[in-house]
A.B. asks: 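Provided herewith is a single structure, encoded as structure tokens, for subsequent inquiry.
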Amino acid sequence: MELPQMPELMGLSLLFGLLALMATAAVARGWLRTEAETRGRPVGQKANGLPPDKSLGSKKQKQQRIRKEKPQQHNFTHRLLAAALKSHSGSISCMDFSGNGKYLATCADDRTVRIWSTKDFLQREHRSMRANVELDHATLVRFSPDCRAFIVWLANGDTLRVFKMTKREDGGYTFTANPEDFPRKHKAPIINIGIADTGKFIMTASSDTTILIWNLKGRVLSTINTNQMNNTHAVISPCSRFVASCGFTPDVKVWEVCFGKKGDFQEIVRAFELKGHSAAVHFFAFSNDSRRMASVSKDGTWKLWDTDVEYKKQQDPYLLRTGRYEEAGTMPCRLALSPDAQVLALASGSSIRLYNTRRGEKEECFEQVHGECITDLSFDITGRFLASCGDRVVRLFHNAPGHRAVMEEMQGLLKRASNESTRQRLQQQLTQAQEALKSLGALKK
């Protein structure tokens, strides 16, 4: 075989080189044309003239859109608004004042329980201590009588969890959950929990007809069947002697929880009933000394009762006052009774009404207090403040009707006072109530 001549090889090489150069030039011209079109195209437009696919947006843009969709914080103002406690990032479902009056506990679906100092209520800043609820969130919270622990009801776990509070050197607290939760016993959703002020038992109540009485270690002592078709509310009395419930029937049933002299549990016995409503009872509450009770019913009325009776001798509670509350006939509502039973607070939807129980008259109205329905309502143990929650904020109100009730009571007692020392004491209390109302701009002439 003969090898090709040198001139022929050089010709082929030149030909291939020229073709490669032409191809490179064509590609370069196409790239430059595309770049020019891209620069001249409006931002966000595809090469075919159509808008870009929204699904191709960056993660940062998605996060910005999510943040913009967050609900706005509900704004509320009133001359009697004392403070708004803001730290929760989720909706608050329950709150509880400690027995010593120093703290307020709140729980929300943000998986935290917040502990607030009541001495900061009238300060500009409201600091809180946070307890995390691991892998769940609390729907109900209650302080222990010694304020060294609190219990919560777990939304997903359907059981009680105990948190111990350990004071640190800096004045704060460390919160530690007990390693084991209470056993699951209820078969229906929980409506309330409580700890007796004596520290002898815990109560849990569900929406069927069941109330369970537990010891502090998680053992069931007794089961109460309320026979009310369903339970809407249940609570332990402040004196720790009674457990009461209301529901579909038009009455409130009260039981005595009996213990022996050595502190051992004995039995549950029926004590008395509040009878007088003509429809289902939504809610009820005790006064601080357990001698008064208030109830609100679907029949559109609220009632105040004298429960300081000898029920073991078959004596029934006395009806002291009946008032109208039309909203109760069309929607569920909540009730709070001041510690001295002088003021009744009723809440339905996002609004609150305050009544003087002595005269039965409505004294204050707070409209659209929260951005959602009110979930809890409570007076502090001094009766100075009324607290409500229903969104991410706790709102605290000055109890102006309470000061007016004190004025009326002192004026009546002054007329009957027989000695000078008593008159001076009553006059001092009257002056204090008048000054408190004057500072709030709520003194009626």
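For the numbers below, each heavy atom of this structure counts, side chains included, while hydrogens, waters and symmetry mates do not.
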A.B. asks: Angle class for the Tyr103/Phe143 ring planes (parallel below 30°, perpendicular above 60°, tilted otherwise)?
C.D. replies: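 Aromatic pair Tyr103/Phe143 classed tilted.
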A.B. asks: Would you say the side chains of Asp391 and His370 form a donor-acceptor pair under 3.5 Å?
C.D. replies: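 Indeed, the side chains of Asp391 and His370 share at least one donor-acceptor pair under 3.5 Å.
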A.B. asks: What residue among Glu326, Glu327, Glu363, Glu361 forms salt bridge (Lys or Arg N to Asp or Glu O under 4.0 Å) with Arg353?
C.D. replies: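 Considering Glu326, Glu327, Glu363, Glu361, a salt bridge (Lys or Arg N to Asp or Glu O under 4.0 Å) with Arg353 is found only for Glu327.
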A.B. asks: Salt bridge (Lys or Arg N to Asp or Glu O under 4.0 Å) between Lys262 and Asp264: does it pass, once the steps are laid out?
C.D. replies: CA-CA 6 Å; Lys262 295 182 179 181; Asp264 54 317; over 6 Å; no
A.B. asks: For Thr226 and Asn231, test the side chains for any donor-to-acceptor distance below 3.5 angstrom and give the result as yes or no.
C.D. replies: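 Yes - a donor-acceptor pair under 3.5 Å links their side chains.
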A.B. asks: Compute whether any side-chain donor of one residue and acceptor of the other, for Asn225 and Thr209, lie under 3.5 angstrom apart.
C.D. replies: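 Result is yes, a qualifying pair exists.
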A.B. asks: Walk me through whether Asp181 and Arg161 qualify under salt bridge (Lys or Arg N to Asp or Glu O under 4.0 Å).
C.D. replies: CA-CA 5 Å; Asp181 297 331; Arg161 178 171 293 173; 2.9 Å; yes
A.B. asks: For Met331, is the CE atom crowded, meaning more than 12 foreign heavy atoms sit under 6.0 Å from it?
C.D. replies: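 Above 12, so yes.
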A.B. asks: Between Phe175 and Tyr173, how do the two ring planes meet: parallel, tilted or perpendicular, split at 30° and 60°?
C.D. replies: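 Parallel: the ring planes of Phe175 and Tyr173 meet at under 30°.
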A.B. asks: Can a donor-acceptor pair be found between the side chains of Ser351 and Glu367 at a distance below 3.5 Å?
C.D. replies: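 Judged by distance alone, the side chains do pair up.
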A.B. asks: Please walk me through it: do Phe242 and Tyr311 pass ring pair (Phe, Tyr, Trp, His ring centres under 6.0 Å)?
C.D. replies: CA-CA 12 Å; Phe242 307 115; Tyr311 55 89; 5.5 Å; yes
A.B. asks: Any side-chain heavy atom of Arg292 within less than 4.5 Å of one from Leu320?
C.D. replies: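 When only atoms from C-beta onward are counted, Leu320 and Arg292 do touch, with a gap below 4.5 Å.
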A.B. asks: Under a 3.5 Å distance rule, please check whether Arg395 uses its side chain to pair with a backbone N or O of Val369 as donor and acceptor.
C.D. replies: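 At least one qualifying donor-acceptor pair exists.
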A.B. asks: Using a distance-only test with no angle check, is there a side-chain donor-acceptor pair under 3.5 angstrom linking Lys102 and Thr118?
C.D. replies: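 Note: Lys102 and Thr118 side chains miss the donor-acceptor criterion.
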A.B. asks: Answer yes or no: are there more than 12 heavy-atom neighbours, outside Glu180 itself, under 6.0 Å from its atom CD?
C.D. replies: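 At most 12 heavy atoms, drawn from other residues, nucleotides or ligands, come within 6.0 Å of this atom.
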A.B. asks: Fit a plane to each ring of Phe182 and Trp214, take the angle between them on a 0 to 90° scale, and name the class: parallel (under 30°), tilted (30 to 60°) or perpendicular (over 60°).
C.D. replies: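 It falls in the tilted class, 30° to 60°.
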A.B. asks: Would you say the side chains of Gln342 and Glu409 form a donor-acceptor pair under 3.5 Å?
C.D. replies: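 Side-chain D/A pair, Gln342 to Glu409: present.
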A.B. asks: Taking atom CZ of Arg291 as the centre, report whether more than 12 heavy atoms of other residues, nucleotides or ligands fall under 6.0 Å from it.
C.D. replies: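 It does not: Arg291 CZ has 12 such atoms or fewer within range.
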A.B. asks: Look at the aromatic rings of His78 and Phe397 and report parallel, tilted or perpendicular, splitting at 30° and 60°.
C.D. replies: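 Aromatic pair His78/Phe397 classed perpendicular.
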A.B. asks: Apply side chain to side chain donor-acceptor pair (under 3.5 Å) to residues Trp153 and Thr204 and explain how you reach the verdict.
C.D. replies: CA-CA 9 Å; Trp153 185 263; Thr204 57; over 6 Å; no
A.B. asks: More than 12 foreign heavy atoms under 6.0 Å from NZ of Lys185: is that the case here?
C.D. replies: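 No.
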